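Here the structure comes first, spelled out in C-alpha cells, and everything after it is commentary.
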Protein chains: 2
Amino acid sequence: MKEHILVVDDDNDILELLEYNLSLVGYDVLGFLNTKHVRRVLSEEKIDLIIMDRNLPDIEGSLYIEMLRSKNITTPVIFLSAKDSQKDIKDGFLRGADDYITKPFDLEELLLRIKAVLGRYKQESKQNLDNLQYNDIKLDLNLHKVFIGDYEIGLTRLETSLLQLLIANKGKVLDRDFLLKHIWKDTQNIHKKTVNVAIKRLKEKIDPGKDKEYIKTIRGVGYLLA
Amino acid sequence: MKEHILVVDDDNDILELLEYNLSLVGYDVLGFLNTKHVRRVLSEEKIDLIIMDRNLPDIEGSLYIEMLRSKNITTPVIFLSAKDSQKDIKDGFLRGADDYITKPFDLEELLLRIKAVLGRYKQESKQNLDNLQYNDIKLDLNLHKVFIGDYEIGLTRLETSLLQLLIANKGKVLDRDFLLKHIWKDTQNIHKKTVNVAIKRLKEKIDPGKDKEYIKTIRGVGYLLA
DNA sequence: TTTAAATGTTTCAGTTTAGTTACAAAGAGG
DNA sequence: CCTCTTTGTAACTAAACTGAAACATTTAAA
C-alpha cells in the first residue's frame, strides 16, 4: 500500500517541488499552503508522515505539532526550516518533531530521512492492517478479538470467519453457495440450512437486543452487512 | 534507569569530549577507539544507543552496522562523519543508521538527536527491562523469582519462560505454534498437546484457587493473559 | 386471506478441542 | 550412583462447537 505524506508549506514552489518528487518515488502526496484543513484530513485519511514548514504564516509549526500531540495524534513529523539556529532545532525536537531539515535541503537527503522515519513507524502501523471494522463492530485478527463498541464479545472460529467475510464484503450480498465455498470449503455435503443457523448464531452474538440489524437477510439470495 | 550509550571513534579527543558531555547530562557512556570489543559489550551489557564514527581505522562504520543488523542487533545507531557528501549519508542510512551527523557537529544538536532516537525506541526497550508484571503477578528475571502479590511461588524453567512470554505479549492470543516455536524451539517433533499440559501446570501454580483466570483459553487458537 | 417457500429458532447428538491425571523418561544435584 | 524434580506423552474426562433435524415464523405472491 502506498504511503501517504501530508506536506504543509506556504512556499508554493517548495510545495510543488515536493509534490512532484515524492510522487515520483511512489508516495501519495497531499500538499497544503496552510494548516486550515490539516486536522480534518488527518482524521479522515490515512496519513503516514507530515512534512511541515516550521515558519507558517498562520501558526508556528512547532506549536501546531504540539497541539496535534496533545490531541494524541502521533503521526511522525519532519520539519523544514529556513532557520538553522540551534535554538530552533531544539525547540522543534522538544515539541515532538521526529526529524529536522534546514532549507536549502538536498532532496535525496530528505528522501532518506523520510524513509528512515517511516521505517521506524512501520511496525506500529502494520498492526492496524489486520483490523476490520464495520460501524461499531471491530474485528482484530491479530488478537483474535471482536468488539462491539467498547465491549468485547467472544466468537467461535466459525462465527469469526463468517463475520470477517461479511465485513470484508460489506454492502455486498453473499449467497449461500459463496459462504459455503469460502467458509465450509464444501458446497456438496453441507446442508444449505447450515448457513442459516450459523448466521442466526452470529446475529445473536453481535446484536443480542435485535435492534441494530447489522446483518440483513435478502430473501432468496443471501445475507449482507449493511 | 540511566540510558547507556556506546561510542566508537578513533579520535581520542572526540571520544573524551563525548564521554564528558554525555555523562554530564545523565547518560552512561562507554567509549571505544575501535570495534574490537563492541560485539561482546553489546551482548553482555544493556546498550540503548550506538554513536559511531563512519571512518574507523579497522572497518568502515556502515559495513560494521550492516554486520550488526545481519546478526539481528537492532540497537539504534547515529553516525558521526567528517564526510558530508550526500552519497555517504545515503550509504549510512541504507545500511541501517538511524541518524547521521557531520563533523564538526554542534553538541546541542547531537544531544537533541540522541534524545529523539532514544525516544523512539523507548517503548520497545521498556518491555525488555524488568517491567514484567501483569496485575499482581511479578516476574523478576534477575532473581528468577515470581510473586503473586506478596507471595513468592516457585516456577520451573519451562513455566517461567511460558509466563514471561505471556506477560510480554499480554492481551495477545499466542497460538500453539508460536509457543512451540519460541519456547520449545521446535514445531515438528513436539506434540501440540504438550502446550496444554504446560499451560495447565502454569495455571495451577499462579492461580491455585482457580478464581482469578489470569490465563484465558481461546478455543481453536491458543492462550492469552487478559 | 391463503398458501407455499424461505428463513428463524430450538434442540440434540456427533465431533472436535481442551483439561486432567498418571506415568515414564530425562535432567539436576548431591 | 541414587533421589528428587521436571517434563513429554498417552489415556481418559469434560466442555465447547457445530451440523442436522424438527418445528415455528415470516414473507411474498396469488
Side-chain angles (χ1 to χ4, degrees), chain A residues 144 146 153-166 173-225, chain B residues 144-146 153-166 173-226:
Chain A
H144 299 279
V146 180
I153 59 172
L155 292 189
T156 69
R157 241 188 323 177
L158 179 71
E159 289 158 355
T160 308
S161 308
L162 201 50
L163 182 58
Q164 182 182 351
L165 203 59
L166 283 166
V173 182
L174 308 182
D175 60 41
R176 285 181 177 65
D177 273 342
F178 181 87
L179 293 171
L180 284 173
K181 193 169 148 195
H182 282 81
I183 292 178
W184 283 266
K185 319 276 181 198
D186 184 350
T187 48
Q188 304 299 316
N189 311 312
I190 298 279
H191 241 256
K192 280 197 195 307
K193 302 212 60 175
T194 294
V195 176
N196 297 33
V197 179
I199 287 280
K200 186 259 171 185
R201 286 169 177 158
L202 176 59
K203 276 182 174 178
E204 192 161 324
K205 285 215 182 153
I206 63 176
D207 181 22
K210 296 191 185 185
D211 47 2
K212 297 291 187 58
E213 266 212 278
Y214 294 110
I215 298 174
K216 256 180 88 176
T217 303
I218 306 299
R219 197 184 164 86
V221 190
Y223 302 89
L224 84 161
L225 209 64
Chain B
H144 298 283
K145 285 179 178 175
V146 180
I153 59 172
L155 291 189
T156 69
R157 198 170 39 85
L158 179 70
E159 288 159 355
T160 308
S161 309
L162 201 50
L163 182 58
Q164 182 182 351
L165 204 58
L166 282 166
V173 181
L174 308 182
D175 59 40
R176 286 180 177 64
D177 273 342
F178 181 88
L179 293 171
L180 285 173
K181 193 168 147 197
H182 282 80
I183 292 179
W184 284 265
K185 319 278 182 197
D186 184 351
T187 48
Q188 303 298 317
N189 309 312
I190 298 279
H191 259 246
K192 278 198 198 305
K193 302 216 64 173
T194 296
V195 177
N196 297 36
V197 179
I199 287 279
K200 188 256 174 187
R201 285 169 178 157
L202 176 59
K203 275 182 174 177
E204 193 160 324
K205 286 213 183 157
I206 64 176
D207 181 22
K210 294 189 183 185
D211 47 2
K212 297 291 187 58
E213 266 212 277
Y214 293 111
I215 299 174
K216 250 181 91 179
T217 303
I218 305 298
R219 196 184 163 86
V221 189
Y223 301 90
L224 84 160
L225 210 64

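Keep in mind that what you see is a predicted model, and the values were worked out from it rather than measured. Naming convention: chains lettered A, B, ... in sequence-line order (proteins, then strands); numbering from 1 in each chain.
Not one N or O on the side chain of Asp177(B) forms a donor-acceptor pair closer than 3.5 Å with the backbone of Lys181(B). At least one donor-acceptor pair under 3.5 Å links the side chain of Lys185(A) to the backbone N or O of His182(A).
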Base-contact (B) and sugar-phosphate-only (S) positions in nucleotides 22-30 of chain C, heavy-atom cut-off under 4.0 Å, - elsewhere:
B--------
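Following rounding to the nearest Å, His144(A) (NE2) and dT17(C) (P) show an atom-to-atom distance of 15 Å. Computed from coordinates, the Lys216(A) NZ to dT26(D) P distance equals 18 Å when rounded to whole Å. Separating the NE2 atom of His191(A) from the P atom of dG14(C) is a distance of 17 Å, rounded to the nearest angstrom. The nearest whole Å value for the distance from the CG atom in Asn196(A) to the P atom in dT9(C) is 10 Å. Summarising the geometry, the separation between CD on Glu204(A) and C1' on dT18(D) is reported as 15 Å, rounded to the nearest angstrom. Spacing between atom NZ of Lys185(B) and atom C1' of dG8(D) amounts to 18 Å, rounded to whole angstrom units. Rounded to whole Å, atom P of dT9(C) lies 12 Å from atom CD1 of Ile199(A). What separates NZ of Lys192(B) from C1' of dG19(C) is a distance of 18 Å, to the nearest Å.
Note on Lys210(A): only backbone sugar-phosphate atoms sit closer than 4.0 angstrom, heavy atoms only; bases stay farther off. Here Lys193(B) lies in heavy-atom contact (under 4.0 Å) with a base. Using a 4.0 Å heavy-atom cutoff across all strands shown, Asp186(A) reaches no nucleic acid atom at all.
Taken from OG1 in Thr160(B) to CG in Leu165(B), the straight-line distance is 12.5 Å, to the nearest 0.5 Å.
Under the 4.5 Å side-chain criterion, counting only non-hydrogen atoms from C-beta, Phe178(B) is not in contact with Val173(B). Contact check for Trp184(B) versus Leu158(B): side-chain heavy atoms found under the 4.5 Å cut-off. Put simply, the side chain of Leu166(A) does not reach to within 4.5 Å of the side chain of Tyr214(A), judged on heavy atoms. At least one side-chain heavy atom of Asn196(A) sits less than 4.5 Å from a side-chain heavy atom of Arg176(A). For the pair Leu155(B) and Lys205(B), the minimum side-chain heavy-atom distance is below 4.5 Å. The shortest distance between side-chain heavy atoms of Glu159(B) and Ile153(B) does not fall below 4.5 Å.
Contact annotation: Thr217(B) side-chain N/O to dG19(C) OP1/OP2 distance is under 4.0 Å. Between Thr194(A) and dA20(D) there is a side-chain N or O to OP1 or OP2 distance below 4.0 Å. Remark: Lys200(A) is in phosphate contact with dT10(C), judged by side-chain N or O atoms under 4.0 Å from OP1 or OP2. Within the 4.0 Å cut-off from OP1 or OP2 of dG8(C), at least one side-chain nitrogen or oxygen of Tyr223(A) is found. For the pair Trp184(B) and dT7(D), the criterion of a side-chain N or O lying under 4.0 Å from OP1 or OP2 is not met.
Against DNA chain D, the stretch residues 156-165 of chain B makes heavy-atom approaches under 4.0 Å through Thr156(B), Arg157(B), Leu158(B).
Listed nucleotides: dG19(D), dT7(C), dT9(D). Nearest to the side chain of Ile190(A): dG19(D).
For Arg219(B) and dA16(D), a side-chain-to-base donor-acceptor distance below 3.5 Å is present, hydrogens and geometry of angles not being considered.
Residue Ile215(B) forms a side chain to side chain contact (heavy atoms under 4.5 Å, CB included) with just one option from Leu162(B), Ile206(B), Asp207(B), and that option is Ile206(B).
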